[in-house]
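Below is one structure; the comments refer to it alone.
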Amino acid sequence: QVQLVESGGGLVQAGGSLRLPCSASGGPFSNYAMGWFRQAPGKEREFVASISWSGGSTYSADSVKGRFTISRDNAKNTIYLQMNSLKPEDTAVYYCAARRGNYVTTKFDYWGQGTQVTVSS
C-alpha cells in the first residue's frame, strides 16, 4: 500500500507561484497513476490534475488549465504540482492521490494528509 506525503504549501500573493511535491513510499511508485485534488473551506474536494504512471498523459480541470502543471519523477518517487498565476480562489488544502494502473483518472484509492495553500489578494 502506497503512502503519500505532500509538502510545499504556504502563503503567496496573487499572481505568484508555488510548487507542491508529493513523495510516495510503499510502491512500486511507477505502477501508480497519480493526481492532485483540493478542498476549500466549506466546499467539497475537487479534482485538480492527474498523470499516468509513465508521465506521458495528463489531464487537468478547466479551472487550472494553463496555470497548473502536473509532473512526476519516478526515479525520486515524487510528483509535483507547479502552480503559476495563483488566484485567491486557489486557496485550499491540496491533496495528493494514487491509484494502481497506467491511465489518467479522476478516481483514486490512496490519499495524503494535505498541505495548505493560501493566496492573498
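Note that the structure is predicted; figures quoted are calculated from it, not measured.
- Between Gln39 and Lys43, the shortest heavy-atom contact is NE2-O, 3.0 Å.
- With rounding to the nearest 0.5 angstrom, the OG1 atom of Thr58 is 14.5 Å from the CE atom of Met34.
- Atom SG of Cys22 and atom CH2 of Trp111 lie 11.0 Å apart (nearest 0.5 Å).
- Applying the side-chain hydrogen bond (donor to acceptor under 3.5 Å, both in side chains) test to every pair with at least one member in residues 12-21, sequence neighbours left out, gives these pairs: Ser17-Asn84.
- Taking the side-chain contact (heavy atoms from CB on, under 4.5 Å) definition, one finds that Thr91 meets it with Gln116, Thr118, Val119, sequence neighbours left out.
- Other residues, nucleotides and ligands place no more than 12 heavy atoms under 6.0 Å from the NZ atom of Lys76.
- Phe37 and Leu81 are members of different hydrophobic clusters when ILVMFWY side chains are connected at heavy-atom separations under 4.5 Å.
- Partners of Pro21 by side-chain contact (heavy atoms from CB on, under 4.5 Å), not counting sequence neighbours, listed by chain and number: Ser7, Thr78, Tyr80.
- Taking OG of Ser60 as the start and CD1 of Ile51 as the end, the distance is 9.5 Å to the nearest 0.5 Å.
- A single hydrophobic cluster is seen to contain both Leu18 and Val48, as judged by linkage of ILVMFWY side chains at heavy-atom distances under 4.5 Å, directly or through other members.
- Residues satisfying the salt bridge (Lys or Arg N to Asp or Glu O under 4.0 Å) test with Asp109, not counting sequence neighbours, are Arg99.
- With sequence neighbours excluded, the residues that form a side-chain hydrogen bond (donor to acceptor under 3.5 Å, both in side chains) with Asn74 are Arg72.
- Two residues are said to be in side-chain contact when any heavy atoms from C-beta on lie closer than 4.5 Å; Asp90 and Val117 fail this criterion.
- With sequence neighbours left out, Arg45 forms a salt bridge (Lys or Arg N to Asp or Glu O under 4.0 Å) with no residue at all.
- Between the CH2 atom in Trp36 and the OH atom in Tyr94 there is a gap of 10.0 Å [rounded to 0.5 Å].
- Here the straight-line distance linking atom CZ of Arg67 with atom OG1 of Thr69 works out to 11.0 Å at 0.5 Å rounding.
- Looking at residues two or more places apart in sequence or on another chain, you find a side-chain contact (heavy atoms from CB on, under 4.5 Å) between Ser52 and Ser54, Ser57, Asn102, Val104.
- Atom OG of Ser71 and atom CD1 of Ile79 lie 8.0 Å apart (nearest 0.5 Å).
- For residues 52-79, every residue pair satisfying the ring-ring contact (aromatic ring centres under 6.0 Å, His included) rule, not counting sequence neighbours, is listed here: Phe47-Tyr59.
- Contact annotation: the side chain of Leu20 never approaches that of Glu6 to less than 4.5 Å [non-hydrogen atoms, C-beta and beyond].
- Each ring-ring contact (aromatic ring centres under 6.0 Å, His included) pair with one or both residues in residues 5-29, not counting sequence neighbours, would appear here, but there are none.
- Residues passing the side-chain contact (heavy atoms from CB on, under 4.5 Å) test with Val2, sequence neighbours excluded: Leu4, Ala24, Tyr32, Ala98, Tyr110.
- Looking at Ser50, its side chain never comes within 3.5 Å of a backbone N or O of Gly35 through a donor-acceptor pair.
- Using a 4.5 Å heavy-atom threshold, the side chains of Arg38 and Val64 count as touching.
- By the salt bridge (Lys or Arg N to Asp or Glu O under 4.0 Å) test, Lys87 is found to be paired with no residue, residues two or more places apart in sequence or in another chain being considered.
- For Glu89, the salt bridge (Lys or Arg N to Asp or Glu O under 4.0 Å) test picks out no residue, with sequence neighbours left out.
- Between Asn77 and Ser23 the shortest side-chain heavy-atom distance does not fall below 4.5 Å.
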